[in-house]
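Read through the structure below, which is laid out as structure tokens, and then see the notes.
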Amino acid sequence: MTSPETAVPASDFVRDTVRRDNEQGTYGGRVQTRFPPEPNGYLHIGHAKAITVDFGVAEDFDGTCKLRFDDTNPQTEDEEYVASIIEDIRWLGYTPDEIVYASDYFEQLYAWAEQLVERGLAYVDEQDSETISAQRGGYGQPGIESPFRDTAPEENLRKLRAMRAGEFPDGSRVLRARIDMQHENMQLRDPIMYRIRRGHHHRTGDAWCLYPTYDWAHGQSDALEGVTHSLCTLEFESHRPLYNWFLQQLPLPGDTPKQLEFARLELTHTVTSKRRLAKLVHDGLVDGWDDPRMPTISGLRRRGYPAAAIRDFCRYVGVNRTNSRPGIELLESFVRRELNRTAQRRMAVIRPLKLVITNWPTRPDGSPVVEYFAVVNNPENEADGTREVAFSGELYIEREDFAEVPPPKYFRLSPGREVRLRGAYFVTATEVVKDEDGTVTEVRCTYDPQTRGGTAADGRKVKSTMHWVSAQHAVDATAVLYDRLFSAEAPGAATGEPLDDLNTDSREVLTGCKVEAALADTAPGQVVQFERLGYFAHDPRTPMLFHRTVGLRDEWAAIQKRQGK
RNA sequence: UGGGGUAUGGUGUAAUUGGCAGCACGAGUGAUUCUGGUUCACUUAGUCAAGGUUCGAGUCCUUGUACCCCAACCA
């Protein structure tokens, strides 16, 4: 448990409702939820909240939670998405009690639809979608009844069967529930139950040309599965009366499920619209759904976000009915909290600057002496042990760790100043080598043999400890630094259309980085901390490619900012 | 325009249901530190507005205000 228990609310309105239902015996003490994604894209951070709520509530009350694919629209759905969704849920640490599909219920739904038709509660409308939409009326405006509304049940039944038999072209007819065209809630103005849509369905193939809408499929699927609490997001609130209406009309096998809505998760600097994410992928603005810049679960995973951090974050923001947009910093703080505990430390320089020790000893054959130092892998976790790091007279340090003219409060290396090379020796810069442009290409220094291991025999202190790699032993690597995908607050990121707030230059690729040899042993997918540079995830597919997961909290950057730099 | 929701520091979220407005992120100050990391201490800042009931209101009442959702054969 890495979450700050003190700050996590003990309950929320969803859990309160479930608890009350249990106390009153509403569902015989049974708790069943479901996570119902449409397989038309990859899961993103917003879904992670829904997942932690759906699975978390079931877990807390010793109930069950199934994964149900809401595959009612063949035009947008694909097996690729089914597979990725299952993988992402498992990676997040949840195991569905069962994996089911709304398409499993197509036959039952159709049978029920015929029953509604027979009872005069549904009818076939032959008008086109524009006409139907116009007749629906507007907010505060009355609706107009369709001329097909009072067709006799036998006639409707005949038409519905002909629809199913494929006798009509796409979009030519729909089945509508016969409710109330004057209802103040638009959802109840004779909503569509079935539309004709010939498309190859990823599971039922070409068996159907008739597909149920969300409203006709969802509550009925819940009921068929025995769901007790159907948790969804706030925008479905106005659908609840319709959800209940359908259930009231049907001979349900068991209890009537209860729909509860909560606010969806949004984040600053983050797009949480599947439509817009799909556009980024299809327009080629990112390298795929798992591009580390993407806020998808798979993107975050590749970027090195630990599942535990995502879970803790979701739990922490809570379940509520208030639309909000937490700062991305909050998520990142959970990532750092987790990684600080678990990530091994390594020395690496992503913008190398050569550091030559002029008084470093040589062997009789003229080659430089090599020393090895044992370094702790993770000071937060002794069990991670130590590793040997080679040290010699030619090193690389981080370019920004040297300043020819040090600004105020700058503690790192500069001419005449002594610093510690972590775990090795104290060195003092003596000389700067530049190219014709005046760029520093090399720094020369002397080391003090009396400071072996990083401790001065005379007890003197230095203000800075720097990371380094031995030039002779270093391994070349590539590091990718990510900015946030969006440069601004991404107004309308959830609902808006434009992508013009996208920061397409949000990635800086640094080749020629130098990392210590021990890093070559890092497992693909593993996240390590490059000391002082941040947490980096070893790409699962490409050797020696590292994605920066998050940076460290950087006090020096804050100082520079304050100095107005 | 009708209906349905939601309002607590800069951000997110609590408050035993009418009883000291707390926690976290962020920001700031200081201490510790062989990572300007971590850790520790302190500081900062809030009940949408106006009335009302009450010994006492974030919580109850009234009237406003702001924001979100609903008129796909999407989910």
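First the proteins, then the strands, lettered A, B, ... as listed; each starts at 1.
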Going by distance alone, is a donor N or O of one side chain under 3.5 Å from an acceptor N or O of the other, for [X] and [Y]?
X	Y	answer
A:Ser103	A:Asp71	yes
A:Gln529	A:Glu531	no
A:Asn377	A:Arg387	yes

Can you tell me whether the base of B:A15 sits syn or anti, using the 90° cut around 0 to define syn?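 With its glycosidic angle more than 90° from zero, B:A15 counts as anti.
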Name the orientation of the base relative to the sugar in B:U63: syn if the glycosidic angle is within 90° of 0, else anti.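 B:U63: anti glycosidic orientation.
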Could I get the full list of side chain to side chain contact (heavy atoms under 4.5 Å, CB included) partners for [X], not counting sequence neighbours?
X	result
A:Glu388	A:Tyr372, A:Ala374
A:Gln127	A:Asp125, A:Thr131, A:Ile132, A:Gln135, A:Ser146, A:Pro147, A:Phe148
A:Cys445	A:Leu355, A:Ile357, A:Val427
A:Ala479	A:Ile350, A:Cys513, A:Phe536

Could you give the side-chain donor-acceptor pairs of residues 326-333 of chain A under 3.5 Å, partners two or more places apart or in another chain?
| unit_1 | atom_1 | unit_2 | atom_2 | d |
| --- | --- | --- | --- | --- |
| A:Glu332 | OE1 | A:Arg484 | NH2 | 2.8 |
| A:Glu332 | OE2 | A:Arg484 | NH2 | 3.2 |
| A:Ser333 | OG | A:Leu330 | O | 2.7 |

Mind checking the [atom1] distance from [N] to [M]? Whole angstroms is fine.
N	M	atom1	answer
B:G64	B:G3	P	13 Å
B:A71	B:G2	C1'	11 Å
B:U59	B:A14	C1'	13 Å
B:G46	B:G22	P	12 Å
B:A15	B:A49	C1'	23 Å
B:A27	B:U38	P	11 Å
B:G28	B:U65	C1'	34 Å
B:U39	B:U35	C1'	13 Å

[atom1] of [X] versus [atom2] of [N]: gap in Å, rounded?
X	N	atom1	atom2	value
A:Glu261	B:A75	CD	P	18 Å
A:Lys561	B:G26	NZ	C1'	10 Å
A:Arg15	B:A14	CZ	P	11 Å
A:Glu398	B:G37	CD	C1'	15 Å
A:Glu235	B:C68	CD	C1'	11 Å
A:Arg189	B:C73	CZ	P	14 Å
A:Glu531	B:U33	CD	P	18 Å

If you look at every strand shown and take non-hydrogen atoms under 4.0 Å, does [X] touch a base, only sugar-phosphate, or nothing?
X	answer
A:Lys463	nothing
A:Phe236	base
A:Glu555	sugar-phosphate
A:Leu533	nothing
A:Gln127	base
A:Gln529	base
A:Thr76	nothing
A:Tyr410	base

Counting the benzene-type ring for Trp, do A:His239 and A:Tyr243 have ring centres under 6.0 Å apart?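 Ring-ring flag for A:His239/A:Tyr243: false, centres at least 6.0 Å apart.
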Examine A:Tyr425 together with A:Phe391 and report whether their ring centres are nearer than 6.0 Å.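 So the answer is yes for these two rings.
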Between A:Thr451 and A:Leu330, which has a closest nucleotide on RNA chain B that is more 5'?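 Checking each residue's closest nucleotide, the 5'-ward one belongs to A:Leu330.
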Closest-nucleotide 5' rank along RNA chain B - winner of A:Gly138 and A:Asp554: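 On the 5' side of the pair lies A:Asp554.
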Cation over ring face, A:Arg197 and A:Tyr211, 6.0 Å, 45°: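 So A:Arg197 doesn't make the cation-pi contact.
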Is the NZ or CZ atom of A:Arg337 positioned over A:Phe334's six-membered ring, under 6.0 angstrom from the centre and within 45° of the axis?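 Geometry flag: set, cation within 6.0 Å and 45°.
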Kindly express the pairing pattern of RNA chain B in dot-bracket notation, using | wherever a base pairs with another strand and counting only Watson-Crick or G-U pairs under 3.5 Å. .((((((..((((.....[..))))((((((.......))))))...(((((..]....))))))))))).....
Report the nucleotide, chosen from B:A72, B:G37, B:A75, that has the shortest atom-to-atom distance to any side-chain atom of A:His239.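 The closest nucleotide is B:A75.
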Could you work out which one of B:A71, B:U13, B:C74 sits closest to the side chain of A:Arg197?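 So the side chain of A:Arg197 is nearest to B:C74.
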Within a strict 4.5 Å, meaning less than it, do heavy atoms of the A:Asn185 and A:Leu242 side chains meet?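 A:Asn185 vs A:Leu242: side chains apart.
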Are there any protein N/O atoms within less than 3.5 Å of an N/O atom in nucleotides 15-18 of chain B, and if so, which ones and at what distance?
none

Residue-phosphate contact under 4.0 Å: A:Arg195 side-chain N/O, B:C74 OP1/OP2: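 Answer is yes, contact under 4.0 Å.
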Within the pair A:Thr72 and B:C74, is there a side-chain N or O less than 4.0 Å away from OP1 or OP2?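 Negative; the distance criterion is not met.
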If a protein heavy atom is under 4.0 Å from the base, mark B; if only from the sugar-phosphate, S; if neither, -; do that for nucleotides 2-11 of chain B going 5' to 3'. BSSSSS---S
With sequence neighbours excluded, tell me which residues meet ring pair (Phe, Tyr, Trp, His ring centres under 6.0 Å) with A:Phe402.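 Counting only residues at least two positions away or on another chain, A:Phe402 forms no ring pair (Phe, Tyr, Trp, His ring centres under 6.0 Å).
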What's the spacing between A:Arg136 CZ and A:Gln141 CD if we round to 0.5 Å?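 The CD atom of A:Gln141 is 15.0 Å from CZ of A:Arg136, to the nearest 0.5 Å.
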Enumerate the protein-to-nucleotides 38-41 of chain B contacts in which both atoms are nitrogen or oxygen and the separation is below 3.5 Å.
| unit_1 | atom_1 | unit_2 | atom_2 | d |
| --- | --- | --- | --- | --- |
| B:U38 | OP2 | A:Arg553 | NH1 | 3.0 |
| B:U38 | O2' | A:Glu380 | OE2 | 3.2 |

Tell me the closest heavy-atom pair linking A:Ala390 and A:Ser470, and the distance in Å.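 So the two residues come closest at O-CB, 3.4 Å.
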Which residues in residues 162-178 of chain A have at least one heavy atom lying under 4.0 Å from any atom of RNA chain B?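 Output list: A:Gly171, A:Val174.
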Hey, what's the ring geometry for A:Trp289 with A:His282, parallel, tilted or perpendicular (30° and 60° as the breaks)?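 Aromatic pair A:Trp289/A:His282 classed perpendicular.
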What nitrogen or oxygen pairs link the protein and nucleotides 44-48 of chain B at under 3.5 Å?
none

For the pair A:Glu371 and A:Arg452, evaluate salt bridge (Lys or Arg N to Asp or Glu O under 4.0 Å) and give the outcome as yes or no after the intermediate values. CA-CA 10 Å; A:Glu371 282 195 49; A:Arg452 190 169 195 290; 2.5 Å; yes
